[in-house]
Protein chains: 2
Amino acid sequence: MSQPSPGQAELASALRLALLRTARRLRSQRVNTAVTLSQLSALATVCKCGPLSAGEIAAIERVQPPSMTKILASLESAGWVQRSSHPDDRRQSIIEITPAGRDLLAEETRARDEWLAKRLVEFSAEDLRKLGEAVEVLDRLGSE
Amino acid sequence: MSQPSPGQAELASALRLALLRTARRLRSQRVNTAVTLSQLSALATVCKCGPLSAGEIAAIERVQPPSMTKILASLESAGWVQRSSHPDDRRQSIIEITPAGRDLLAEETRARDEWLAKRLVEFSAEDLRKLGEAVEVLDRLGSE
DNA sequence: TATTGTTATACTCTATAACTATA
DNA sequence: TATAGTTATAGAGTATAACAATA
């Protein structure tokens with residue numbers, strides 16, 4: 001593995017500041033005050049990746065187990081996920097999304113995306129192409 | 001102005017999740033426990049945009065004035081910024097970076113970028129091009 | 001002993017509401 | 001009255017350390 005080049009260090013610096021500010025705006029953009037962005041993200045993972053244990057969700061979301069405990073407690077008390085016992089290991093429980101959770105996820109995703117999409121319509125086709133190409137790279141950067 | 005197209009809604013959704021996770025990882029990557037990412041971001045703004053009032057920094061950083069009050073208080077008590085009185089308006093003070101602040105900023109930026117740059121070396125030239133092109137678009141998205 | 005998850009605790013980050021000082 | 005900034009307070013988000021239950 002080579003050392004970071006000067007160009008990479010500059011890119012890293014610019015990317016870090018750009019991501020901080022954009023994420024700050026996305027997080028503050030609360031649509032429904034009943035659910036937060038972190039809860040929504042965990043709910044999206046449970047919906048997409050099927051029934052999972054708490055540890056598995058924490059690993060996918062890249063947070064520590066105690067953080068996920070809190071998120072899951074709030075999702076469960078709101079009725080958006082439900083737990084069942086693991087057949088072989090009584091330490092674990094299996095967490096899955098409920099129909100109400102699916103409804104909430106769909107509605108919130110639509111509302112939050114609308115806020116972002118409204119800003120995106122002001123961007124050129126060229127800008128959108130650049131963002132679209134970067135999403136896949138960012139995904140790898142955020143989950144490695 | 002047109003309505004968001006289906007393609008824009010999908011891009012918005014994918015971008016939102018990618019940004020959340022990547023930003024989460026960047027924020028948790030603490031190098032020096034003496035300074036936080038938000039403090040560093042404000043310090044970078046004061047360094048780059050010259051002497052500013054508290055309100056101006058808050059506007060550039062896109063946070064509310066009370067949030068900036070806290071950030072500036074910590075930066076000032078650490079000796080990384082200093083205040084002087086505004087010549088015409090005694091409600092305001094003028095905030096500028098100190099030499100110690102400049103040193104801290106250079107050192108911290110280097111250390112934090114190293115973490116990101118180390119990951120970037122594993123990416124292809126094509127990936128880096130995509131990220132580089134997106135940075136400018138993200139900047140506009142985060143500061144509009 | 002090792003693993004899974006939770007509880008206890010603390011710190012960062014940010015906001016709104018109420019207030020002070022100045023214009 | 002209006003504006004710039006601060007103080008008071010609270011909630012979201014996350015972590016580490018210590019613990020309990022189970023494997």
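The figures that follow rest on heavy atoms only: side chains count, while hydrogens, waters and symmetry mates do not. All values reported here derive from a predicted model rather than from experimental measurement. All chains are named by letter (A, B, ...) in the order of the sequence lines, taking the proteins before the strands, and each is independently numbered beginning at 1.
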Report yes or no: do [X] and [Y] belong to one cluster of Ile/Leu/Val/Met/Phe/Trp/Tyr joined by side chain heavy-atom distances under 4.5 Å?
| X | Y | answer |
| --- | --- | --- |
| B:I57 | B:I94 | no |
| A:V46 | A:L104 | yes |
| A:V137 | B:L128 | yes |

Could you state the atom-to-atom distance from [atom1] of [X] to [atom2] of [N] in whole Å?
| X | N | atom1 | atom2 | answer |
| --- | --- | --- | --- | --- |
| A:L26 | D:dG13 | CG | C1' | 16 Å |
| A:R62 | D:dA15 | CZ | C1' | 16 Å |
| B:I94 | D:dG5 | CD1 | P | 11 Å |
| B:D89 | D:dA4 | CG | C1' | 7 Å |
| A:R90 | D:dA23 | CZ | P | 6 Å |
| B:L37 | D:dA15 | CG | C1' | 16 Å |
| B:Q64 | C:dT16 | CD | C1' | 9 Å |
| B:I57 | D:dA4 | CD1 | C1' | 13 Å |

Proximal nucleotide (of D:dT22, C:dA23, C:dC13) relative to the A:R91 side chain: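 In terms of side-chain proximity for A:R91, the closest of D:dT22, C:dA23, C:dC13 is D:dT22.
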
Minimum-distance nucleotide (side-chain atoms of A:V63 versus D:dA2, D:dA15, C:dT3): D:dA15

A:T98 side chain to A:W80 backbone, donor-acceptor under 3.5 Å: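 Checked: pair present.
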
Side-chain (B:T109) to main-chain (B:L105) donor-acceptor, under 3.5 angstrom: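 Judged by distance alone, yes, a pair lies under 3.5 Å.
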
Residue pair A:R140, A:E136: steps toward the salt bridge (Lys or Arg N to Asp or Glu O under 4.0 Å) verdict: CA-CA 7 Å; A:R140 270 185 286 143; A:E136 181 270 332; 2.8 Å; yes

5' precedence on DNA chain D between A:D88 and B:G55 (nearest-nucleotide basis):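 The 5'-side residue here is B:G55.
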
Protein N or O to nucleotides 6-10 of chain D N or O, pairs below 3.5 Å:
{"residue": "D:dT6", "atom": "OP1", "partner": "B:R83", "partner atom": "NH2", "Å": "2.7"}
{"residue": "D:dT6", "atom": "OP2", "partner": "B:T69", "partner atom": "OG1", "Å": "2.8"}

Salt bridge (Lys or Arg N to Asp or Glu O under 4.0 Å) pairs, two or more places apart, involving residues 91-103 of chain B: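 As it turns out, the salt bridge (Lys or Arg N to Asp or Glu O under 4.0 Å) pairs with a partner in residues 91-103 of chain B, which skip direct neighbours, are B:D89-B:R91.
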
Does [N] have OP1 or OP2 under 4.0 Å away from a side-chain N or O of [X]?
| X | N | value |
| --- | --- | --- |
| A:S38 | D:dT14 | yes |
| A:T36 | D:dG11 | no |
| B:S53 | D:dA4 | no |

Sugar-phosphate only, base, or nothing, as touched by A:S67 at under 4.0 Å among non-hydrogen atoms: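 A:S67: base contact, heavy atoms under 4.0 Å.
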
